Structure formats: C-alpha cells, structure tokens
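Only one structure is covered here, and it is reproduced in the block below.
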Number of protein chains: 2
Amino acid sequence: MVRKPAKSGIKSGVKVASTRKPNMREAILAAAEELFSTYGFNAVSVRDIAQAAGANPGSVTYHFKTKDGLLLEIYRRHCGPMNRRRSELLAAARRVRDLQDRLEAIVRAYVLPAFTSGSDLAGGGTRFTRLRAIMSAEGNEVVRKIIAQTFDDTSHAFIDAIHESLPHIPRTDLVWRGHFLLGALYYTLVTPERVSRLSRGSADGTDAGHAIEELVRATVAALQAAPLDQGAPAPRKMAGANPGRALT
Amino acid sequence: MVRKPAKSGIKSGVKVASTRKPNMREAILAAAEELFSTYGFNAVSVRDIAQAAGANPGSVTYHFKTKDGLLLEIYRRHCGPMNRRRSELLAAARRVRDLQDRLEAIVRAYVLPAFTSGSDLAGGGTRFTRLRAIMSAEGNEVVRKIIAQTFDDTSHAFIDAIHESLPHIPRTDLVWRGHFLLGALYYTLVTPERVSRLSRGSADGTDAGHAIEELVRATVAALQAAPLDQGAPAPRKMAGANPGRALT
DNA sequence: TGAATATTTGGACGATAGTACAAATATGGT
DNA sequence: ACCATATTTGTACTATCGTCCAAATATTCA
C-alpha cells in the first residue's frame, strides 16, 4: 500500500489486551474488504490487512490460504445475499401494475441492494460494490469467473423484466443501457466527491439516498429512449479492446 | 504483472538488430500506455514496460526518472490534444440551431474524442481513456492533481453548454447525469466483451461506432429527464465513502 | 577526426511482496 | 487435569519491486 502515513496507536510488539478479537477470521475479512475497496487489490498487501485486523500475517494464510482465496471468500460472502435481495425486490417490482412505475421499481430493485448494507453484511452495501467496481477496472482473474457464474444470471433476469416493460425496444439496446447503468453506479461509488466539486457544493456526492434517486431517474429515462436505427452503424472496431477483460 | 505467460519471441540476452528502436523514449511511452491501460498502474512493473519496449529498465529511469513520472508524461501527452478537440467540437455544437440536435451534438462532442485516436496520438483514443478509467478506480495520487486542473474546466464548459440547452433543469441534476455519462463511458471501455456476452452475440461490445451511438442516445434521454423533486431526499450518508478518492 | 554529450547497459541496493512452517498458545470436550 | 485440535505467532525463504549508478556505447557537432 502507498498511503496511510500515520501508524495506529498500537506500539509494535506490545500486546493490547482490550483489543483481543473474538473472531479473528471475521476481523481479517472486514479489514481486507475495507482496504481492497479503497486502494484496490494490487495495492494492498497481506501484511497491510493483517495489521489493520490486528492479526499476524500468518493468520491470513492459515484462514484463507492465499491472497486470492481471501478475495474469493469476500465475494462468496456478499454475492449470495445481494443477489437474493435483488431477486426479492425484482419479484415485487414485477407485480407493479402501472408500466411506468414498474420500470422504475425494477431499476430500483437493481440499484438499491448495491447501496444498502442490509444487516451490515447481508446486502453487501457500498463497500462491496466499490470493491466490485475496482476489481472490474483492475481485471482480476479470480473475480472474472465468479462474476460470469453469479451475476450474469441476475443481469439476464433484469434485462428480461425490463424488456417486458418496454417490449418495443430491442433487447440489444436494453443490454447496452443496463451496461451504462452499472458503469454509472460503479463510478459514483468510486469517486463520490467529484460530484460535490463540480456542482460547487450544491450537491453532496456522499448522499447515498440522493445518488440513488438521481441514478434511477436518469436510467429510467435512458431505458425509455427510442432505439437506434437498425440501419448502418459505423463499422470501425475499437483499438486494442483486449479480449480477456473483466466484467461486473 | 500477473498475466502474459508467453514470452515474446525475443531470446534473452540476444541482440535483435532489426528491432532497434529509433526513438526509445517513444517506445517506452507506448508500451507503458498499453500495459497500464490493460492491467492497471500497480500491476505493471517498470521491468514489464522495459521488456515490452525492448529497452533496459534503466532507460526508463533515465527518461522519466520515476514510474510516477512516466505516468505523468503519458497524461501530458494526451490531455492537451483531447481537450482541444473537445473544445472544437463543443464550439461547433453550440452553433447548431435545433435545440434537440444541439444537445446531441454537445454530448457527441464530449464522447467522441474519448474513442477516436485522431492522428494516433493527438486525440488519445480508447487506450488513453481506458487508462483514465483504471486510474480513477485505483485512485492514483499523481493523477488526481492532473485531473483537477485539466478536466474540471472542460467538464464545466460542457455542463454549461448542456444547461443552455436545458435551462429548466437544475445544474445539480445535470452534473449528476454528466457524472453518469463518464462512468458509463469508462465502464464500456474497460469491459467491452461483457455486452457481447449478455446480448448473446447480437451486439458486439468491441464495435466502437455502435457503442458511441448507444451511449449518446441513452445520455441525451437521461439529460432530458424531468428533474427530481426539490422536496425531501433521503438523508443517509454513504458508509466509508473515503474522502481522498480520485476522479476522472 | 576528436571531444562533448546523450543514451543504453548490466548489475546492484534495500524494501517489500506472497507464502510456508515449526513452535507456541488457546480452546473445548471428557 | 489431560489430551486433541484449532489458532496464533515469529521467522524465514524466495521473488520481485522501484531506483540508483558506473561503465559501455551512440550520437552530435566543431
């Protein structure tokens, strides 16, 4: 890691009785989640995590075998609950009668679980979503597999639900717009203070509730836009759009 | 770096006469740009760059002093031309009579320079934009300063132009939607193959022209959406939205 | 050509990375 | 209390990191 000049108040080599962790495994997971989601996977060392958790570097190896294993466990922790919550909200949204309201409910069902932390572990919350954002940019190998087998199903379900509300728009366009939604969501969580700066203080980038509403409003409008002409799109390919890249 | 199992055809220690670089400095810059934009700043070592450029690790130090200096020089290379092109296109867009067309032209003026590579260096192209995307996620220290003093002006100019076309929408909402545009743009460049996969082959995520059109269409619609009620937004703050985070 | 300068080379430095492992300690059931 | 097991600790190993530097080589220009 590069940052964090200030050493925590713990003097090296001195035991701190009051800080004894009842479950070190959980403490390591929490510390890793926080550090990874802040600085990225590559920039954080196992020793950084151990120190932040008040543990010994060897403990990390003992509980999770490797650094990748630790990342894997974090994903395992959150993916299930988050997607389950999404499914619940999606099912409820599907029952909304008014088509306009239903579409908005669907989008909200997708966005909300990424922000709220549920029972502080269940949904995942902003920390985990921020982690996913960083991992998608860094293109981590381990994450790619988890995503493909965990999130693609959920994404399909949402696209399908949206397609039902907007049957006149080709699926392809809806896929693109869902893709844009995810990008906007990630970027909002990764750089919350930029909005504050650009709007000269009139908006607060750290106001999650407001961010959700803005995102939902914008996404619904984007989804409803007229589809592109099926005619003749530009043929040019992107230069070096490296094939093995990550996702979600 | 973690990937790239296959060693390039160059045998170690054997001179390759035909591959002699006339300008090693440029070769290093190109290699660094490609590697950084693919694997991120932290995951790529100076030695990786030197090898990819057919240079000696010491040469990198000689030309750019530090790894950060190399990154800085890459930004210097691209920021000027890209923002100049944006200004040109924005000026032209402002002259469009029809309000709807003008708005679309403005958005296109923002998006286009991020995709096209101009004279293969001038505009920057997808490689540089992909690099910016990754750097914003990794939260690099060096980049933060460059962004604040280089891109914020441009962003303001675009927000202002959009505001002129949509005077009934508060600036705050337009800032949010511009923010979402940038996130969508970044995410599209970072994970181009995901769209292909989710749309079951009917769309090609590496088709830059199509991506641009989809992005413009969606963004214009989002910008035109009715603003949020000024009423009572949710008060909750995002957990751990770490203050020192990057941007653009 | 020869001297001055610019660049490249190869090796080295200390720091830190991920991981492994034996010894020390804590824990829980009988 | 005792033993078996689970966990924590401290340390060490190897690999690689960014950076430095003196010598070797290329280049430029009077």
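Quick caveat, the model's predicted, so the values are computed rather than measured. Lettering follows sequence order; numbering is per chain, from 1.
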Find the distance [X]:[atom1] to [N]:[atom2] and express it as a whole number of Å.
{"X": "L35(A)", "N": "dG18(C)", "atom1": "CG", "atom2": "P", "answer": "12 Å"}
{"X": "I28(A)", "N": "dG18(C)", "atom1": "CD1", "atom2": "P", "answer": "14 Å"}
{"X": "N56(B)", "N": "dT7(C)", "atom1": "CG", "atom2": "P", "answer": "15 Å"}
{"X": "Q51(A)", "N": "dG10(D)", "atom1": "CD", "atom2": "C1'", "answer": "16 Å"}
{"X": "E26(A)", "N": "dT8(D)", "atom1": "CD", "atom2": "C1'", "answer": "17 Å"}
{"X": "K67(B)", "N": "dT19(D)", "atom1": "NZ", "atom2": "P", "answer": "8 Å"}
{"X": "N42(B)", "N": "dG18(C)", "atom1": "CG", "atom2": "C1'", "answer": "16 Å"}
{"X": "I49(B)", "N": "dT16(D)", "atom1": "CD1", "atom2": "C1'", "answer": "15 Å"}

| Over-ring placement of R86(A) relative to Y110(A), 6.0 Å and 45° cut-offs | yes
| request: Classify the nucleic acid contact of V60(A) as base, sugar-phosphate or nothing, counting any heavy atom under 4.0 Å across all strands shown. | output: nothing
| query | At under 4.0 Å between heavy atoms, what does S59(B) touch on the DNA or RNA strands: base, sugar-phosphate, or nothing? | reply | base
Checking contacts here: which listed nucleotide ([options]) is nearest the side-chain heavy atoms of [X]?
{"X": "K65(B)", "options": "dG18(C), dT19(D), dC20(D)", "result": "dC20(D)"}
{"X": "Y62(A)", "options": "dT7(D), dT8(C), dG18(D)", "result": "dT7(D)"}
{"X": "D48(B)", "options": "dT19(C), dC17(D), dG18(D)", "result": "dC17(D)"}
{"X": "T66(B)", "options": "dT9(D), dT19(D), dG18(C)", "result": "dT19(D)"}
{"X": "T61(B)", "options": "dT19(D), dT7(C), dG18(D)", "result": "dT19(D)"}

| message | Determine whether a donor-acceptor pair (N or O, by modelled atom type, separation under 3.5 Å) exists between the side chain of S136(B) and the backbone of A133(B). | response | yes
| request: Give a yes or no on whether the backbone of V44(B) and the side-chain of K67(B) come within a donor-acceptor separation of less than 3.5 Å. | output: yes
| field | R130(B) with E33(B): basic N within carboxylate O range, under 4.0 Å | value | no
| query | Is H63(B) near enough to dA6(C) that one of its side-chain N or O atoms lies under 4.0 angstrom from OP1 or OP2? | reply | no
| Hey, which of these two, R25(B) or R47(B), hits DNA chain C nearer its 5' end, going by closest nucleotide? | R25(B)
| said: Assess, by modelled atom type and distance only, whether the side chains of S59(B) and N56(B) contain a donor and an acceptor separated by less than 3.5 Å. | reply: no
